[in-house]
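Proteins come first, then strands; the chains are lettered A, B, ... in the order of their sequence lines, and each starts at number 1.
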Protein chains: 2
Amino acid sequence: MAASTLKPVLTFLIISFFTISQISCAQNHPLDPLTPSEFLLVRTIVQNSYPTTSNQTLTFQYVGLDEPDKQTILSWHSKPSKTPPPRRVSVVTRFEKHTHEITVDLSTSSIVSKNVYKGNGFPLLTLDEQTAANELPFKYKPFIESVKKRGLELSQTVCSAYTVGWYGEEKSGRIIKLSCFYSNDTVNVFVRPLEGITVVVDLDEMKIVGYSDRFILPVPTGEGTDYRLSKQRPPFGPKLNNVAVFWPDGPGFTVDGHAIRWTNWEFHLGFDVRVGAVISLASIYDLEKQKHRRVLYRGYTSELFVPYMNPTKEWYFKTFFDCGEFGFGQSTVSLEPLADCPSNAVFFDGYYAGQDGKPVKISNALCVFEQYAGNILWRHTELTIPGEEIREVRQEVILVVRMVATVGNYDYILDWEFKPTGTINVKVSLTGVLATKGVVYTHNDQIKEDVFGTLVSDNTVAVHHDHFLNYHLDLDIDGEVNSFVKKNLVTKQNPKNISPRKSYWTVSSQTAKTESEAKIKLGLKPSELVVINPNKKTKLGNDIGYRLIPGIISNPLLLEDDYPQIRGAFTEYNLWVTPYNKSERWAGGKIVDQSRGEDNLAVWTLRNRSIENKDIVLWYTLGFHHVPCQEDFPVMPSLSGGFELRPTNFFEKNPVLKTKPLEHVTLPNCTTKH
Amino acid sequence: MAASTLKPVLTFLIISFFTISQISCAQNHPLDPLTPSEFLLVRTIVQNSYPTTSNQTLTFQYVGLDEPDKQTILSWHSKPSKTPPPRRVSVVTRFEKHTHEITVDLSTSSIVSKNVYKGNGFPLLTLDEQTAANELPFKYKPFIESVKKRGLELSQTVCSAYTVGWYGEEKSGRIIKLSCFYSNDTVNVFVRPLEGITVVVDLDEMKIVGYSDRFILPVPTGEGTDYRLSKQRPPFGPKLNNVAVFWPDGPGFTVDGHAIRWTNWEFHLGFDVRVGAVISLASIYDLEKQKHRRVLYRGYTSELFVPYMNPTKEWYFKTFFDCGEFGFGQSTVSLEPLADCPSNAVFFDGYYAGQDGKPVKISNALCVFEQYAGNILWRHTELTIPGEEIREVRQEVILVVRMVATVGNYDYILDWEFKPTGTINVKVSLTGVLATKGVVYTHNDQIKEDVFGTLVSDNTVAVHHDHFLNYHLDLDIDGEVNSFVKKNLVTKQNPKNISPRKSYWTVSSQTAKTESEAKIKLGLKPSELVVINPNKKTKLGNDIGYRLIPGIISNPLLLEDDYPQIRGAFTEYNLWVTPYNKSERWAGGKIVDQSRGEDNLAVWTLRNRSIENKDIVLWYTLGFHHVPCQEDFPVMPSLSGGFELRPTNFFEKNPVLKTKPLEHVTLPNCTTKH
């Protein structure tokens with residue numbers, strides 16, 4: 001379903017350029033994502049143990065690699081043998097209206113553990129069941145009647161599945177709610193809501209179990225909402241100039257299976273149905289020490305919480321967990337060569353298990369490319385020495401890993417940028433279509449109440465909302481045993497006898513001993529947030545470390561005891577630090593749909609475990625409060641945010657001091673062709 | 001002195017490519033920077049009125065365009081006539097040990113006003129007087145003795161001028177202090193300080209008036225500190241791949257004198273000795289309204305405050321104001337084609353008046369280039385409509401204006417990025433060399449006291465410091481009469497009868513009536529900071545506006561009553577708003593060297609003037625606290641920050657909806673050549 005129809009010619013052009021040298025017959029890596037044949041094997045093994053009948057189906061809600069223990073991975077990585085550690089797979093199914101958690105061993109083709117999940121909440125929704133649910137209203141008389149009553153064509157109506165959250169109910173069924181939209185004149189369905197109608201679907205029964213049609217509001221016009229080029233009328237513009245970026249020596253990176261090597265970096269790039277791209281075992285070559293040194297054991301987007309701020313009956317429940325409910329990998333869309341990624345990009349397909357357990361392919365799910373943007377790596381002009389003018393400049397080239405997850409209306413462009421300086425920049429750009437609500441209004445002057453958003457078009461309010469992306473950052477700074485240090489910048493009074501200066505600031509370092517000491521609300525105190533290796537020092541005796549430099553800071557505004565906030569409690573702090581625990585993978589918890597906040601980052605850290613001189617994991621939340629504006633309509637220009645992981649006394653000196661300047665490449669005999 | 005010896009061949013390659021079509025015989029613009037012949041005319045006029053003798057010199061400390069009134073500019077701009085408004089020039093001189101403020105009218109070749117400055121402080125330092133001062137110690141016996149005592153070669157020693165600040169002195173002389181460095185084995189002089197020595201120079205007398213040599217510390221080694229390629233030894237790396245960026249249709253922008261037009265943007269690019277690049281009259285073409293609409297009347301870096309955090313006798317005074325003391329334009333360095341700016345850049349020379357009033361040329365002081373970085377302007381994949389898969393992606397191209405100011409050891413890369421969406425991104429990247437202090441230590445374990453910085457090499461501490469860049473942003477959103485609105489995001493309780501949701505946030509707008517209501521400390525309250533045009537609305541009735549999206553937030557840590565903080569009081573708030581006042585140009589005040597905080601942004605705003613429905617100016621401070629690390633040595637990898645000016649209900653809809661995708665350009669017949 002998420003597989004795109006790529007223009008084969010373009011794809012061929014791009015891929016063929018790189019294929020020969022790079023995709024060598026790579027040895028399997030224990031962190032490689034599950035292959036299509038592995039998915040099929042899992043399916044067979046599980047189906048054999050859970051026999052289905054005509055009344056009783058088995059659905060695969062999650063199938064993902066059950067990664068070997070970190071120590072197993074690390075020892076394999078330090079000395080890769082032909083036989084990687086045994087492949088195990090975590091499976092979550094629905095069977096007999098229960099959630100089953102199963103571990104499959106692929107080497108023995110057997111189930112090594114299974115249990116029925118007894119807690120609250122439900123697993124990841126499959127795309128198949130969402131599609132099936134979305135089709136139910138079209139055979140449901142009251143809905144057909146509602147559409148007719150609005151003077152609309154049923155054939156032009158579409159519905160979309162929304163998770164319902166949890167609002168204090170004692171018992172929960174596995175239900176979703178559908179919102180429906182009108183698609184004539186436009187493919188931009190999300191800006192044409194049919195307000196007033198709520199359809200409740202039981203996913204296990206796959207039938208409508210609730211229906212209400214409370215009021216009729218005008219459906220906003222489709223006029224001017226289509227964003228496709230073919231639907232635009234002149235005048236066009238603004239016109240951007242064409243450009244060709246040419247790498248005369250070919251790509252500077254190599255791809256060996258899922259292992260990527262570029263300049264001083266190497267890392268493994270995985271893919272998972274729940275979180276999308278996974279960066280593992282990132283290490284950087286130290287020219288001085290002449291070896292690779294570890295930086296990031298694993299990094300990925302662990303959860304994305306998107307609460308909408310309309311508390312009325314038809315909207316209040318819209319507080320989504322895009323990773324835990326919809327799957328960021330499952331929502332990953334095919335990247336368009338030359339558009340989503342530049343001409344030098346190398347693409348990777350992604351696979352996940354469909355509801356029936358069979359592999360589903362996402363073509364071009366990830367891309368990797370080198371980027372030269374005209375930026376400066378470092379420079380200096382020196383004018384102090386009489387008679388000499390010294391100028392030394394180095395240009396910056398970086399490596400970008402990109403995926404795009406489209407969860408319904410929104411598109412999230414997720415970039416991991418690797419720099420030769422050791423910096424990892426993590427960036428997200430929000431684009432796509434806003435979630436809108438139909439209203440009677442066509443002008444702000446008519447509005448005398450809170451409409452919970454911005455009037456962005458006639459009869460169309462784009463609703464206030466937040467995006468909180470949590471990143472799981474298992475840093476292993478020069479080894480897995482690390483500590484988290486707040487380097488607080490504190491003002492000091494200067495004694496009068498020293499100088500007439502009254503004050504200065506200095507650094508007062510505080511090592512977090514337990515989880516509670518590492519819950520950080522940013523912006524309150526000036527401090528550098530550093531992960532150090534307490535067992536290693538630079539030659540000068542500085543702590544070897546990496547700092548996290550935050551970007552824009554956003555904190556949650558929901559009441560702490562409000563239900564969505566209890567579920568999204570990982571947003572209470574911008575940063576948390578936990579001891580490594582293989583089972584703690586997603587900040588919003590393992591089972592998220594209708595979760596009750598009983599198993600998530602906020603709960604785990606209540607144990608207040610020791611984190612000093614331990615293998616630790618950072619959980620950083622990047623947030624956006626979004627007050628929509630007319631520019632965001634009918635499709636939204638990218639809005640970007642991010643954060644930086646930057647070495648601080650990790651290297652003995654500037655690691656790009658000995659990087660040579662780029663050579664000037666002229667293209668004297670080019671015949672350009674569009 | 002700042003003019004660089006460019007490699008003429010490279011320059012020719014670049015410049016020649018663009019010269020023919022673009023640099024047309026442009027009509028003079030009233031905001032054009034002063035030309036060499038204008039500088040000479042000013043010199044003659046002023047010299048005629050201030051006759052010098054052998055004892056009495058006249059020095060030009062500042063010569064800059066005295067811009068016509070905004071209304072004059074605006075009416076000229078709306079209907080440019082052949083004769084622009086009269087050219088007037090602001091001149092600040094030192095003559096007879098007084099600071100003279102002079103206004104020269106070039107059309108009548110006359111002085112129209114003059115007065116002797118009676119306030120505290122002194123004007124911009126010239127490069128010539130700094131150079132002269134730096135040479136004094138080499139004929140000064142006690143200094144020669146001090147160098148000898150340290151076993152160093154005088155011929156390998158250099159000195160550099162530092163402003164002294166103000167620390168409560170009743171009377172101030174026009175003095176600076178010199179710090180000296182050792183340059184054998186390396187051109188990286190700033191990392192080889194001669195500690196213990198302070199040389200005090202009276203600039204008007206141009207003689208040493210104070211000298212102390214309090215202690216001897218080891219001069220850090222030059223070994224490994226040279227950053228020049230020619231001095232590096234193998235192994236080299238990390239190796240970055242060569243790249244050529246080719247714009248087959250030529251540049252997408254035109255240069256007409258100092259007017260630049262690119263896609264939907266047009267603006268004037270000026271240059272001033274004090275602030276460097278000045279963006280004026282930036283407006284954007286509205287495809288729907290079919291006209292240019294005004295955004296930014298003027299934007300520039302108004303001040304840069306860099307307090308160091310070592311309070312000891314030899315260091316406490318190092319609290320620099322790089323614009324008001326040293327001149328960001330005067331400190332602008334020649335950009336290296338293909339390195340500081342990419343191959344498609346167009347360069348602009350800059351001119352300023354030397355101390356003798358004669359024009360000094362800075363070749364390639366500014367550059368302008370289009371940038372394609374593989375980023376996405378907007379996109380959406382739509383999977384909701386059965387049987388259809390829709391994917392629409394637009395690539396982003398932006399226009400960058402760049403300058404680099406090197407103030408002693410530090411290099412500031414200052415970018416203004418214009419986007420077709422209406423966004424202006426303002427970015428600064430810090431690079432260059434850290435200010436270091438010599439110490440006895442070669443390992444952290446030896447350190448038992450506060451050394452006010454980080455040990456980054458043997459005997460070398462890089463000192464803690466801040467960078468606070470203040471931007472003067474005279475926004476004219478769709479006209480000059482604007483208001484400043486805080487759109488506060490406030491949590492609301494949801495009544496129980498509405499839904500089980502307990503809370504949500506909504507927007508509560510607050511228009512700042514006076515200056516005191518617009519002093520913003522960021523990070524305390526979630527709010528959008530918007531400049532609106534209160535007299536215009538979108539068709540839907542939304543306020544037409546632009547928002548300022550801050551980047552990293554840094555607040556001052558010095559005590560409020562400490563002398564440097566009183567002088568740098570513009571840092572007390574991250575954002576201030578004032579009514580337009582032609583005389584309020586620089587946040588740190590007009591006369592900054594040894595200023596006492598009597599004339600700056602904090603003082604002006606005490607009047608608490610009305611700013612509602614007025615022509616207003618935003619003053620935004622971008623700050624960095626810098627705890628140095630070993631990676632910053634011997635030359636520092638760029639560290640970037642910035643902020644965004646983004647339209648919010650300025651346009652009726654997404655202004656790049658009708659931008660066509662870039663065409664794919666293949667380069668089939670290229671013979672590449674290095």
**Q** Do the rings of B/His380 and A/Tyr227 sit parallel, tilted or perpendicular, given the 30° and 60° boundaries?
**A**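 Judged by the thresholds at 30° and 60°, the geometry between B/His380 and A/Tyr227 is perpendicular.
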
**Q** Pick one of side chain, backbone, both or neither for B/Asn134, based on which atoms fall under 4.5 Å of a heavy atom in chain A.
**A**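 B/Asn134 has no heavy atom closer than 4.5 Å to chain A.
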
**Q** Counting only heavy atoms closer than 4.5 Å, note whether B/Val158 contacts chain A via side chain, backbone, both or neither.
**A**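 Side chain only.
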
**Q** By a 4.5 Å heavy-atom criterion (distance strictly below it), what part of B/Leu639 contacts chain A: side chain, backbone, both, or neither?
**A**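 For B/Leu639, backbone and side chain are both near chain A.
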
**Q** Is B/Pro526 close to chain A through its backbone or its side chain, or both, or neither, when contacts mean heavy atoms under 4.5 Å?
**A**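 Side chain of B/Pro526 only, per the 4.5 Å heavy-atom cut-off to chain A.
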
**Q** Heavy-atom distance under 4.5 Å to chain A: side chain of B/Val456, backbone, both or neither?
**A**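 For B/Val456, backbone heavy atoms alone lie under 4.5 Å from chain A.
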
**Q** With a 4.5 angstrom heavy-atom cut-off, which part of B/Asp450 approaches chain A: side chain, backbone, both or neither?
**A**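 Contact with chain A: side chain only.
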
**Q** Under 4.5 Å heavy-atom distance to chain A, tell me which part of B/Phe181 shows up: side chain, backbone, both or neither.
**A**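 Looking at B/Phe181, nothing touches chain A.
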
**Q** Give, as side chain, backbone, both or neither, the part of B/Glu392 having an atom under 4.5 angstrom from any heavy atom of chain A.
**A**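 The side chain, not the backbone.
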
**Q** Where does B/Gln371 contact chain A at under 4.5 Å (heavy atoms): side chain, backbone, both or neither?
**A**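 When you check distances to chain A, only side chain atoms of B/Gln371 fall under 4.5 Å.
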
**Q** Tell me, for B/Asn649 versus chain A, whether the close heavy atoms (under 4.5 Å) come from the side chain, the backbone, both or neither.
**A**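 Both backbone and side chain.
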
**Q** Atom NZ of residue position A/Lys492 - does it have more than 12 heavy atoms of other residues, nucleotides or ligands inside 6.0 Å?
**A**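 Open.
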
**Q** Once you round to the nearest 0.5 Å, how far does CH2 of B/Trp505 lie from CE of A/Met309?
**A**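 Taking CH2 in B/Trp505 and CE in A/Met309, the distance rounds to 6.5 Å.
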
**Q** Which bit of B/Ile376 is near chain A, if near means a heavy-atom gap under 4.5 Å: side chain, backbone, both or neither?
**A**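 Interface part for B/Ile376: both.
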
**Q** Counting only heavy atoms closer than 4.5 Å, note whether B/Glu370 contacts chain A via side chain, backbone, both or neither.
**A**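 When you check distances to chain A, only side chain atoms of B/Glu370 fall under 4.5 Å.
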
